[in-house]
2 protein chains.
Amino acid sequence: MNYDVLKLENQLCFPLYACSKEIIRRYKPFLDDIDLTYTQYIAMMILWEEEQATVKELGTRLYLDSGTLTPVLKKLESKGYIERKRSDTDERNLIVSVTDEGKKLRERAVCIPEKMAGCVNLEKEEAEQLYRILYKMLGCME
Amino acid sequence: MNYDVLKLENQLCFPLYACSKEIIRRYKPFLDDIDLTYTQYIAMMILWEEEQATVKELGTRLYLDSGTLTPVLKKLESKGYIERKRSDTDERNLIVSVTDEGKKLRERAVCIPEKMAGCVNLEKEEAEQLYRILYKMLGCME
DNA sequence: CGCAATTAAATTGTGTACAATGTAATTGTA
DNA sequence: TACAATTACATTGTACACAATTTAATTGCG
């Protein structure tokens, strides 16, 4: 039997998985400076943009479930960057909102994307292709 | 100040991270059939190809360190798919090799890549572009 | 040779991920 | 309007992932 399909270099998933991890590892020094992990960072990115969101909304945007988000959000709360309170109109919903401290953090985070861009040595066109293809894949996997 | 750079949709890392996770989640039903996790699966892929490898070599190929690999390999050993023994010539090296049971598993795994290909709705050309760009990125990050 | 430096794995500690399950609030319908 | 179904979040259990440290073996240099 021909087992070539089982070779790592014939898989599309593997370089995706490895790339994702390696890039996140490169974020670490920059994120350490502002005392966030990558998961905490992407959660804050939504909240900086929206001011507030439910756990459900965060999960949909970030492709994460409450099992992952609950401890992440509790951690962000303990650091003082967010507040967690139940909705008055529907107590099932937990509303997460940015504190003043969390807004200040945004100032210190704004330099990170530029620093990271320097780590990814892609041509502008390649980056655009990659971006388009990845979002196409994500779109197919809803 | 303009905070657009901090928007999730302006990041390249995020769709990479989300795509990687979503695809691996789609592997799960197929991998469940052969009682492997994704990490165990990619470790077995190297070993099916090479017959044997050290933890160091596996780590280099898979972008994983011993802190991740040691428990994964112990698990594969407990399932009977691999053997772990120290090298005779250099006892620092741990040599991981496939058992007969592990080789049999290969037969059952060989259908998985095809099943997964059906889950990724990309044109052939897009898949090739994606592949090329991802390996370029990985190459830059050595 | 002798011993400091290096190397390979294992261990420890923290933080995700996610499936499965539990709990409480809300909705829809007979 | 009861109450079954649904929904949102939390909890539990398993499995990574990685930085930092530890341990043991090997290498290289004076």
Side-chain angles (χ1 to χ4, degrees), chain A residues 13-14 17-32 35-44 53-79 82 84-96 141, chain B residues 13-14 17-32 35-44 53-79 82 84-96 141:
Chain A
C13 181
F14 176 71
Y17 156 84
C19 242
S20 162
K21 282 193 311 150
E22 286 304 296
I23 293 192
I24 288 170
R25 220 159 57 80
R26 266 162 191 70
Y27 265 101
K28 194 175 183 311
F30 305 130
L31 291 176
D32 281 350
D35 188 31
L36 291 180
T37 65
Y38 183 72
T39 315
Q40 291 165 15
Y41 174 61
I42 59 177
M44 288 306 296
T54 64
V55 173
K56 173 83 176 160
E57 288 162 349
L58 285 170
T60 303
R61 293 283 298 272
L62 300 176
Y63 296 83
L64 293 172
D65 69 4
S66 68
T68 303
L69 281 173
T70 296
V72 169
L73 296 173
K74 282 182 177 171
K75 190 82 195 188
L76 285 172
E77 185 181 43
S78 79
K79 290 182 185 180
I82 64 169
R84 297 162 68 249
K85 65 184 277 287
R86 295 281 169 178
S87 162
D88 290 332
T89 56
D90 185 342
E91 294 227 344
R92 289 172 304 178
N93 292 297
L94 189 133
I95 298 180
V96 184
M141 290 191 295
Chain B
C13 182
F14 176 71
Y17 156 85
C19 244
S20 162
K21 281 193 312 149
E22 287 304 297
I23 293 192
I24 288 170
R25 220 159 57 79
R26 270 163 188 69
Y27 266 101
K28 194 174 184 311
F30 305 131
L31 292 176
D32 281 350
D35 188 32
L36 291 181
T37 64
Y38 183 72
T39 315
Q40 291 164 15
Y41 174 61
I42 58 176
M44 288 307 296
T54 63
V55 173
K56 175 80 176 160
E57 287 162 350
L58 285 170
T60 303
R61 293 282 298 272
L62 300 176
Y63 296 84
L64 292 172
D65 69 5
S66 67
T68 302
L69 282 173
T70 296
V72 168
L73 296 174
K74 283 182 177 171
K75 190 82 195 190
L76 285 172
E77 185 181 42
S78 78
K79 292 182 184 180
I82 64 167
R84 296 162 69 248
K85 64 183 278 289
R86 293 282 168 178
S87 163
D88 290 332
T89 56
D90 185 342
E91 295 227 345
R92 286 173 306 180
N93 292 298
L94 189 132
I95 297 181
V96 184
M141 289 192 294

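These figures come from a predicted structure and were not determined experimentally. Within every chain, numbering begins at 1; the chains are lettered A, B, ... in the order of the sequence lines, protein sequences first and strands thereafter.
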> Roughly how many Å is it from CD1 in A:Ile42 to C1' in C:dT16, rounded to a whole number?
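Whole-Å distance recorded here is 10 Å.
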> Please give, in whole Å, the distance from C:dT16 P to A:Lys75 NZ?
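For the pair A:Lys75 NZ and C:dT16 P, the rounded distance is 8 Å.
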> Counting only side-chain nitrogens and oxygens, does B:Lys56 get under 4.0 Å of the OP1 or OP2 atom of C:dA9?
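Checking B:Lys56 against C:dA9: no side-chain N or O falls below 4.0 Å of OP1 or OP2.
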> Whole-Å distance between C:dT16 P and A:Tyr41 OH?
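Spelled out: OH on A:Tyr41 to P on C:dT16 is 15 Å.
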> CG of A:Leu36 versus C1' of C:dG15: gap in Å, rounded?
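The distance from CG of A:Leu36 to C1' of C:dG15 comes to 13 Å, rounded to the nearest Å.
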> Would you name the heavy atoms of B:Lys79 and B:Gln40 that are closest together and state the gap between them?
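The pair with the smallest heavy-atom distance is NZ-OE1, 2.9 Å.
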> Over all strands shown, is A:Thr89 touching base, sugar-phosphate only, or nothing at heavy-atom distances under 4.0 angstrom?
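Sugar-phosphate, no base atom in range.
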> Taking DNA chain C as the partner, which of residues 67-74 of chain B come within under 4.0 angstrom of it by heavy atom?
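Those residues whose heavy atoms fall under 4.0 Å from DNA chain C, taken from residues 67-74 of chain B in numerical order, are B:Gly67, B:Thr70, B:Lys74.
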> Return the residues of residues 22-30 of chain B meeting this criterion: a heavy atom under 4.0 Å from some atom of DNA chain D. Order them by number, or give none.
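The stretch gives none, as no residue of it lies under 4.0 Å from the strand.
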> Give A:Thr39 one of three labels, base, sugar-phosphate or nothing, depending on what nucleic acid heavy atoms sit under 4.0 Å from its own.
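Sugar-phosphate: the residue A:Thr39, judged by heavy atoms under 4.0 Å, touches backbone atoms but no base.
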> Taking atom types as they are modelled, is there a donor-acceptor pair under 3.5 Å from the base of D:dA8 to the side chain of A:Ser66?
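Answer is no: no donor-acceptor pair is held.
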> Taking atom P of D:dC16 as reference, at what distance in whole Å does atom OH of B:Tyr38 sit?
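Computing the B:Tyr38:OH to D:dC16:P distance gives 13 Å.
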> Report the residue (B:Glu91 or A:Ile95) whose heavy-atom-nearest nucleotide on DNA chain D is the more 5′ of the two.
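Closer to the 5' end of DNA chain D: A:Ile95.
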> Inspect the contact between A:Arg61 and A:Glu57 and indicate whether a charged nitrogen and a carboxylate oxygen are less than 4.0 angstrom apart.
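The answer is no: the pair does not qualify as a salt bridge.
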> For atom NZ of A:Lys56, decide whether the heavy atoms of other residues, nucleotides or ligands shown that lie under 6.0 angstrom number more than 12.
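Incorrect, the count does not exceed 12.
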> Does either side chain, that of A:Thr39 or that of A:Thr37, offer a donor lying less than 3.5 Å from an acceptor on the other one?
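No.
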> Using side chain to side chain contact (heavy atoms under 4.5 Å, CB included) as the criterion, point out the one residue from B:Thr54, B:Leu69, B:Leu76, B:Leu58 that pairs with B:Val96.
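The side chain to side chain contact (heavy atoms under 4.5 Å, CB included) with B:Val96 is passed solely by B:Leu58 among B:Thr54, B:Leu69, B:Leu76, B:Leu58.
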> Should the pair B:Tyr63 and A:Phe14 be assigned to parallel (<30°), tilted (30 to 60°) or perpendicular (>60°) ring geometry?
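Aromatic pair B:Tyr63/A:Phe14 classed tilted.
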> Would you mind reading off the distance between B:Leu31 atom CG and C:dC18 atom C1', rounded to a whole angstrom?
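Computing the B:Leu31:CG to C:dC18:C1' distance gives 14 Å.
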> Rounded to whole Å, how long is the line connecting atom OH of B:Tyr17 with atom P of D:dC16?
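From B:Tyr17 OH to D:dC16 P: 17 Å.
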> Contact class for B:Asp90 vs. all strands (heavy atom < 4.0 Å): base, sugar-phosphate, or nothing?
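Counting heavy atoms under 4.0 Å across all strands, the contact made by B:Asp90 is with sugar-phosphate only.
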> If I take atom CG in residue B:Asp65 and atom C1' in nucleotide C:dA8, what distance separates them, rounded to the nearest angstrom?
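One finds 12 Å between C1' of C:dA8 and CG of B:Asp65, rounded.
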